Amino acid sequence: MPPSAPFHPEVPPMLEQSASFCMARSQLESVVEVLNLDVGTLKRLAYPKRSMMVSVPVRMDDGRIEVFFGYRVQHSLTSGPSKGGLRYHPSVDLGEVTALAMWMSWKCGIMNLPFSGGKGGIAVDPAKLSRNELERLTRRFTEEVLNIIGPRQDVMAPDMGTDEQTMAWIMDTYSMKIGYCCPEVVTGKPVEIGGCLGRREATGRGVTYCILEALKDLGIAPGQTTAVVQGFGNVGSITCHELSLRGIRIVAIGDRYGALRNPKGIDIPALTAWVAAGKLLHEFPEGDSMAPEKLLEEPCTVLVPAALDRVITRENASKLNCTLVAEGANGPTTPDADHILKDRGILVIPDVLCNAGGVTVSYFEWVQDIQQLMWSEEQVNGKLQDLMLNAYRRVRTLATTKNLTMRTAALALGVQKVVAEMNRRGLFP
Ligand code: GLU
């Protein structure tokens, strides 16, 4: 029986203050009616299955001892090993990591991957640590969470502030502990130690496939399309690159230090080389520096938030000047803003679909590591495109037939997959 009145499972006290967790919760509750979920099932989905909080002592280069707080949350263990990134950012806390872990469950569900949702993080600004300090931090964190990770238990991957090198240190620490080489304990590793060709570019490519498909639906040619991208890290920079390869003009880009605008289109290879040389994005000579808080309001066809969460809010949603929002980041749009965008007729490709290319190629990497074989980059990209388009079309069909937003349809598909598996397995004892 579906709940007769809206039912809100209690929020555990530690998560009460978390805007991210409350947002993930309200998104989950938005599909209760669509899926006819009963209260007991909703309760089983509304809490993380397992959360671990650790303090991570690190000897800094100057001899001081610093202690950092780390988290690993496994939202679900229903569909396979927990899967999800490890984030290094000062804002990381239990609520944010729990929300991100829940989103990973729905993301893996939408993509039909044999994984449950997980996420981890350390509250740290990685730019303030030396490479040696980062290595000690990562290895000690791995040691602290060792009991709950493993290729069949919980498989980490890069996220904001972490990269291939971070994964290599985790893989090495884990392998040393168990006594043999275990590349399948993490994904997003360097290719020479079992990483997958195309994994680094996968999220940005997936975002691009979704955008091209949406443009087709909207009847807009890529040559007629402009894009504004917030974030020039892994996801933002690859998305810019892939979009510009297809003739889409990138007219503004922002990062944590500032924003840059050029209505004629920014030269992405030149900007990438500029930033790689350690120069500031907004000082790139072929464009004008602009106020970062105005970036999201810049006129364009496609707006790609590919950095932080909760940047499209009740306050600015009415000021967006785009036809399409493609969520490269996790959680960039608040539920309030979602309503405003819906009323304004702006199409949103939701995070759990739009940025799922990363975890999809992580799945390819895990499979190759287990089978000890290697796919070509063409094979990887081809399979990624197939799975992304297939998911995009399933979400679009549900949205059209049930008159739902793309977000509600995507969440409904993801949650439904987990619920079906949970019900089949039953409740122990
Ligand atoms: N951190 C990425 C995400 O949020 C990738 C996760 C993975 O590959 O496991 O989807």
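The shown structure was predicted, so the numbers you read here are calculated from the model rather than taken from an experiment. Each ligand, and each atom within it, is numbered from 1 in the order the structure gives.
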Among the heavy atoms of [X], does any lie under 4.0 Å from an atom of ligand 1?
| X | result |
| --- | --- |
| Met104 | yes |
| Ala356 | no |
| Gly84 | yes |

Which ligand 1 atoms, with their elements, are less than 4.0 angstrom from a heavy-atom of [X]?
| X | answer |
| --- | --- |
| Asn330 | 4 (O) |
| Pro158 | 1 (N), 2 (C) |
| Lys119 | 1 (N), 3 (C), 4 (O) |
| Gly85 | 1 (N), 6 (C) |
| Gly358 | 8 (O) |

Measure Lys107 to ligand 1 on non-hydrogen atoms and call it side chain, backbone, both or neither using the 4.0 Å cut-off.
side chain
Could you tell me whether the side chain of [X] and the main chain of [Y] form a donor-acceptor pair under 3.5 Å?
| X | Y | result |
| --- | --- | --- |
| Thr408 | Leu404 | no |
| Arg344 | Ala317 | yes |
| Arg72 | Ser51 | no |
| Arg59 | Glu66 | no |
| Arg50 | Ile148 | no |
| Arg199 | Gly195 | no |
| Glu298 | Leu295 | no |

Considering heavy atoms of the protein only, find what lies nearest to [atom] and give residue, atom and distance to 0.1 Å.
| atom | value |
| --- | --- |
| atom 9 (O) of ligand 1 | Lys83 NZ, 2.7 Å |
| atom 5 (C) of ligand 1 | Arg199 NH2, 3.6 Å |
| atom 8 (O) of ligand 1 | Ser362 OG, 2.5 Å |
| atom 7 (C) of ligand 1 | Ala157 CB, 3.3 Å |
| atom 1 (N) of ligand 1 | Asp159 OD1, 2.8 Å |

His75 and its ring pair (Phe, Tyr, Trp, His ring centres under 6.0 Å) partner, picked from Trp106, Trp103, Phe115:
Trp106
Can we say Arg200 and Asp163 salt-bridge, meaning some charged N sits less than 4.0 Å from an Asp/Glu carboxylate O?
no
